[in-house]
Q: 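Here you go, one structure.
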Amino acid sequence: MQIRAATHRMSGRIKSTYAVMSLAGGLAFLPAGSVLADSVDGTFPTAEQVGGEVYVEPVAVGKKLPLDFDTYDLNGNKVDLAKLVSGKRSMVVFFISAVPVSVAELPKIEDFVRADGKGINVVYVNADTVGSALQGGPKAAIPNTVKTMHVIKKEKNLRTTQLYVAPNDALSGEGVSNRLGFRGLPTSFVISATGVVEKVFVGPQNWKSGDI
Amino acid sequence: MSINRRQFMKGALTAGMAGTATMLGSSNAFAAVHDPVGEAQADLFRKFKGNVILLPSKYGGYVQAMDPSVPETLAWYPYGLYGIDMPIPHHIAAMPSADPYKGFDFYQTMQPPAAPYVNENSPEWRNRGDFKMFKMRYDGSGKQNSITVVNDISATTGMALGVHVSIGVGENANKYVAFADGQKDMVLITTIDDNPKIVKAFRADYDPIARQLNVSQVFPDATTGKFDYIGRKGMKTSHEAMLGEELMPADPTAVFVDAFTWHPTLPFGAILIRRLGCCAIVDTRTWEVVALLSTAKGAPDNFPLVKQSGFTWTFAVPSVLTPLHEAGFITSGEYFLACNNVLQNNIAVYRSTNEDPTKWKKENFVEGFGTKFLPLHMGNVPDSRFAYFTMWARKPNNGYICKVDTKTWKVTAKWDTGPDPHTCDCTVDGKYMTTVYSGHQAGQSGIVFINIESDKIEARLPCPGGMHDHVVVPESWEGLKYSRSTSV
């Protein structure tokens, strides 16, 4: 039997209106740099493009942690994350506001580090942007996420100001989560002063002396 | 001749009175009867007689019962009446009714609006809406029709789940209804009476370090007889993952349970686990987890049970080659089909006749969908000759519906019905496949009727409000086998 490919018929006027709506809708629907940033033609990645399978391994101990992705501070200004950890033994904690267990881990880490962190530099990175469809489209993605970060800081009584936003595209091989190999959040990388991974913690932890 | 304003108004009034008197003299006005089936447009739609279709409006916050043979909305219910701020009526299933015009019961799930389709999980929105499951009733027996809430099942059981609902068939007919949720990774099975009783509940959690899946039975509090999972309690993630978000960073234990589908002839059901590309097969006689199918191409037919400890079954899941979305049985029960998507876009075909599900084997794959079109939902026909699938796509693509021959496992027809296609459901006579599309929650939306024999689209009706699901009310328990039960 021959395959029939029927096309949704539209008048020329409707077609052109739809094209404009679709473009505008596409821009409004997903903010730039969101977890699932819209692609030009709607293509999904192959397994090979995102690490081979759904669950990819985090950057391994002994490897340099890539930190050259776009990052924004609590004022919405672009910052260089690599510079912020350069020369200091650091813990880079990735979380997203959509995952309660990852947000709950932030004050736990802060308390633990304050008590037993041996001066380690901790930076918290929200690897996502919150929705912006109802509040101005892509241009609102970073301001909205920064606003969310301030709410988290206040509600979780976080004393740190080292809270950052790193927009992620999970469907791109270049997305932060695919490059660093995390699927479960929180994921925390302890890195040396030269940026080499010493330890990786996936998920919430019962932090104890000596862990970091 | 001139006429002043007063004269004009006087004349107009007189003419109006005369006209009114003429109308009053006519018997038609006083004999007006609501009879849309006698109207001219009904000639075009009469062929759909016998079908009542439920259409929940995800972003309109209501559900409507529609008679496509008129066409007319028979009744509708806005869930705001129940006191929910920004309700998101999500998925739906209908109980069989010999005369759906007179009445029938149905189930409706609901989720909060912090969902990616709304794309709004900023703090201002986090307390809006709710997870809910309702048993609802349509009453068409009187002069004016109505839809009412029969039971708030989430309040009754203490467990609130917001995704697929499916009603038992075959050996589980007239007994059970199942609810699922991918934000909490839970499944609840209750009885189908008006005051439902908890039958069984499951929770799924992944251990990404050990690479193991734990499927556990969960139990209500012994003192209250209820669970403690009302509202957002138990939620692993603040929004339901949209297609592709299986790859997003999430709670490490999150697996995105989506539905429970029922075998039409054997005492089994399948818990669909999106993020792991797996389906946990449950024996509905004992409610034990008896197999974990791994549906990806290149993966083994199933993953091994590592251990059973009490009410927890632990399976090794060493790798996940692709997520899946929906999976279900064809009407005969001969095959179990799984919509693998995102990293692989194909439909795995298991033969599902063996009474030992660990012996179910992948015999085939429906392939050729490329990297833009994702197998999503599945629709059955009474004689199992075909299975219909929604091939969903991101903007700027529309997606399409395809028809698959269950002898050759080849696509034999496809239709671009409109942007953002969702569920497929067959009419009670088996002649038409109905399918909804929702324009990516903003653009064109409607319901389409495809003639199963001729492959022609025979009707298209508008349905505004982001119709993410729909169901044709089945006429019998046998009819439910090709409705929202064996597949979703």
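Below, chain A is the first sequence line, B the second, and so on; all start at residue 1. Owing to the predicted nature of the structure, the values given are computational and were not obtained by experimental measurement.
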Q: Is it the side chain or the backbone of B/Arg275 that comes within 4.5 Å of chain A heavy atoms, both, or neither?
A: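 Interface part for B/Arg275: both.
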
Q: Which answer fits B/Ala254, side chain, backbone, both or neither, if we ask what part of it has an atom under 4.5 Å from a heavy atom of chain A?
A: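 Contact with chain A: backbone only.
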
Q: Is a donor on one side and an acceptor on the other found under 3.5 Å between the side chain of A/Glu105 and the backbone of A/Gln205?
A: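 Yes; judged by distance alone, with no hydrogens or angles, the pair exists.
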
Q: For A/Gln49, which atoms come within 4.5 Å of any heavy atom of chain B: side chain, backbone, both, or neither?
A: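 Nothing of A/Gln49, per the 4.5 Å heavy-atom cut-off to chain B.
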
Q: Determine the option with the most heavy-atom pairs under 4.5 angstrom with chain B, choosing from A/Val56, A/Val54, A/Val50, A/Thr145.
A: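 Among A/Val56, A/Val54, A/Val50, A/Thr145, the one with the most close pairs to chain B is A/Val54.
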
Q: Mind checking whether A/Lys156 and A/Leu106 have side chains closer than 4.5 Å, heavy atoms only?
A: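 No, side chains not in contact.
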
Q: Does any backbone or side-chain atom of A/Ser102 lie under 4.5 Å from a heavy atom of chain B? Answer side chain, backbone, both or neither.
A: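 Interface part for A/Ser102: neither.
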
Q: Residues two or more places apart in sequence or in another chain: which of them pass side chain to side chain contact (heavy atoms under 4.5 Å, CB included) with A/Val200?
A: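 Partners of A/Val200 under the side chain to side chain contact (heavy atoms under 4.5 Å, CB included) test: A/Pro58, A/Thr187, A/Phe189, A/Val197, A/Val202.
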
Q: Is it the side chain or the backbone of B/Thr237 that comes within 4.5 Å of chain A heavy atoms, both, or neither?
A: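 Both backbone and side chain.
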
Q: Would you mind checking which part of B/Leu374 comes under 4.5 Å of any heavy atom in chain A, side chain (CB onward), backbone (N, CA, C, O), both or neither?
A: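 For B/Leu374, side-chain heavy atoms alone lie under 4.5 Å from chain A.
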
Q: Between B/Asp258 and B/His325, is any pair of side-chain heavy atoms under 4.5 Å apart?
A: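 Yes; the side chains approach each other to less than 4.5 Å.
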
Q: Where does B/Phe373 contact chain A at under 4.5 Å (heavy atoms): side chain, backbone, both or neither?
A: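 The answer is neither part of B/Phe373.
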
Q: Can you say whether B/Leu247 sits under 4.5 Å from chain A via the side chain, the backbone, both, or neither, judging by heavy atoms?
A: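 Its backbone and side chain both get close to chain A.
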
Q: Keeping B/Thr322 on the side-chain end and B/Asn341 on the backbone end, is there a donor-acceptor pair under 3.5 Å?
A: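 Looks like yes, one N/O pair under 3.5 Å.
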
Q: Taking atom NZ of B/Lys456 as the centre, report whether more than 12 heavy atoms of other residues, nucleotides or ligands fall under 6.0 Å from it.
A: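 No, because the 6.0 Å sphere around NZ of B/Lys456 holds 12 heavy atoms or fewer from other groups.
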
Q: Taking the side chain as everything from C-beta on, heavy atoms only, tell me whether A/Arg159 gets closer than 4.5 Å to A/Asp111.
A: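 Counting from C-beta outward, A/Arg159 and A/Asp111 do come under 4.5 Å.
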
